[in-house]
Amino acid sequence: MKYLNMNLRCCRFYSILQKAKIFCLVLSCVLYSLITLACTNKSTNADLENFDMPNPENKQKIFVNTTEHDTAQTIAQHSSEPVWVYLQQAKRAFDTGLVSDAVKLANEAKDINRTQYTELINKLRRFLDYFHYKIENTSITSLYNALYDHDEIELCKNLDAVFKLRSIKQMSNSLEHLFDFLADCAQALPESDYIIGKVFQTQGEYKQAQLYLERAWHDKDFLENQNEKIIVLSALAEIAESLQDPDTEEMYLLAILSEDSLFGEKNKASSKFSAMLKSILNQKNLEKFFLLYRHQEINQLAAYNKLTEHYIKNEKYEKALETAACAVCIITTHIEEYVKRAHFLFEYTSIDDLLSQASKDADLCEWAQKQGFWEAYIRFADILYELELYSQAEDVYASVASAVPDFYIARRAFYAIQKIRFYYAEQSVNETNDE
């Protein structure tokens, strides 16, 4: 009997074990199916995101900025990246003194750029031929819509990148203009020409450097960052200075400043620039000038200072006053902003107080010294002195002497004040003698 009961128990246990195994098998199959389905959906969603497909329920075409990538990646991401990798490596090689490598890498970037745009042109032409489109009868928007409808997503992205350089409106929605522009893009890589020009400049080959930099300037509209126009023009101005061609140097520096909203409107009687100059010429001190006028364009500051030096050297003090005033306006703006960031309760009351606050900040003083801020103030005062605006000049000299942390510049300002006071004393004596 005991043996029979034991067998029954064993049978029941075996039955339960079998059922448990079957349950585990079914559960594992269900879990595997769920995981596989989730991975498939995730992969599909990722693919759709990578293709940047429009919503099929809303077939509106978007011609500009359809991708979130920067224009620096231009034509098709997988093939355009090497251009910018090569350019970055070329710049790094130039900065570290490996000039031969810099030239080689810059030229290779040009070759890759030419190949990419040529491939794009060929792909578009093959698409047009295959579907029997005629260039003269087809607009850019029609081509784009056709590419989209035929799931040519990569070509659509390529064109999106092109439209960031030049819009459909600028090309008059003309397919002929588009192909002309792509052909120009294939031949133009101003960043490469700039690097090669700088290499020749460092080697003292100024004429050769000028050729490459002029080519970069000629292709300025193809620059990815339009602010780099200033860099190219500054390099051309340096070359002109090295070649002792002051007129050409002035031309390039003025071209830089023409991009500035303040200096660019100097010929307008009602402009901010005209009002600023009047406040300098008509007031005995420059309290109003330093209180009212601010300007942000620090990218043009080097050109203002350089052109001011050029005018002083050629004794064109009226023109030097215009550029020096703009430079000082920019400098005062950025010093005030720096001080306010460090001391949020600070309020501007006078230039003396501002410079005094600035002199207490070691980082600001170091930055200002490197940027030539203090030199710009005393240069401004020197120009006022040369124009016989002695009262205004003394006002600026006094601020510099009392607050600027640079001992050499402060001493220059102090001696200039003494010279002005000696002049006034001499004038007073002469007037007394005349009486």
Side-chain angles (χ1 to χ4, degrees), residues 246-247 249-250 253-254 257 260 262-263 265-295 301 303-333 350-352 354-355 372-404 406 408-435:
D247 293 336
E249 180 188 7
E250 180 182 359
L253 291 172
L254 286 172
L257 300 185
D260 185 5
L262 178 62
F263 193 80
E265 296 183 350
K266 72 170 191 170
N267 294 324
K268 295 181 181 179
S270 59
S271 67
K272 175 183 175 181
F273 181 86
S274 299
M276 185 176 70
L277 279 185
K278 286 179 181 178
S279 70
I280 295 171
L281 298 173
N282 298 337
Q283 302 290 326
K284 291 298 183 183
N285 60 57
L286 297 187
E287 181 180 348
K288 180 180 177 181
F289 167 73
F290 285 116
L291 176 65
L292 295 182
Y293 297 103
R294 297 290 182 268
H295 193 52
L301 179 60
Y304 276 120
N305 286 333
K306 197 71 178 174
L307 195 54
T308 301
E309 292 173 358
H310 170 79
Y311 287 142
I312 291 174
K313 185 178 179 180
N314 292 278
E315 298 184 354
K316 298 178 180 179
Y317 295 111
E318 291 82 4
K319 291 184 175 182
L321 177 62
E322 296 176 350
T323 53
C326 292
V328 166
C329 186
I330 292 170
I331 290 168
T332 304
T333 301
S350 67
I351 188 65
D352 292 4
L354 176 64
L355 295 180
F373 284 6
W374 314 133
E375 188 68 34
Y377 278 113
I378 200 163
R379 190 187 300 120
F380 178 49
D382 289 342
I383 294 166
L384 292 170
Y385 179 86
E386 293 295 337
L387 291 171
E388 298 183 359
L389 299 170
Y390 299 122
S391 178
Q392 294 93 319
E394 185 178 10
D395 191 43
V396 179
Y397 282 133
S399 299
V400 172
S402 63
V404 166
D406 188 304
Y408 171 71
I409 291 178
R411 186 175 62 178
R412 277 180 57 193
F414 175 77
Y415 286 141
I417 292 171
Q418 300 305 312
K419 186 165 64 173
I420 290 173
R421 290 177 178 173
F422 177 78
Y423 168 80
Y424 280 139
E426 190 176 36
Q427 289 292 105
S428 178
V429 169
N430 290 337
E431 289 175 3
T432 303
N433 292 336
D434 290 338
E435 291 177 359

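Position 1 is the first residue of the sequence; numbering continues from there.
Shown here for Thr308 and Ala324, the closest heavy-atom pair between the two residues is OG1-N, 3.4 Å. His310 and Asn314 make their closest contact through O-ND2, 2.8 Å (heavy atoms, listed as atom of the first residue, atom of the second, distance).
Heavy-atom neighbours of Tyr424 OH from other residues, nucleotides or ligands within 6.0 Å: above the threshold of 12. Counting heavy-atom neighbours within 6.0 Å of Tyr390 OH, excluding the residue itself, gives a total above 12. Within 6.0 Å of the CD atom in Glu287, the count of heavy atoms belonging to other residues, nucleotides or ligands does not exceed 12.
For the side-chain contact (heavy atoms from CB on, under 4.5 Å) with Lys278, the lone residue among Asn282, Leu281, Ile280 that qualifies is Asn282. Each of Lys306, Lys316, Glu322, Glu250 was evaluated against Tyr311; a single residue qualifies, Glu250, per the side-chain hydrogen bond (donor to acceptor under 3.5 Å, both in side chains) test.
Arg412 and Glu375 are joined by a salt bridge, as a carboxylate oxygen and a charged side-chain nitrogen come within less than 4.0 angstrom of each other. A salt bridge is defined here as a Lys NZ or Arg NE, NH1 or NH2 lying under 4.0 Å from an Asp or Glu carboxylate O, and Lys284 with Asp395 fails to meet this definition.
Using cut-offs of 30° and 60° for the angle between ring planes, the Phe290 and Tyr377 rings count as tilted.
No side-chain donor-acceptor contact under 3.5 Å links Thr332 to the backbone of Cys329.
For the pair Lys419 and Tyr385, the cation-pi criterion (under 6.0 Å, within 45° of the ring axis) is fulfilled.
Considering only heavy atoms from C-beta on, Glu394 comes within 4.5 Å of Arg421 through its side chain.
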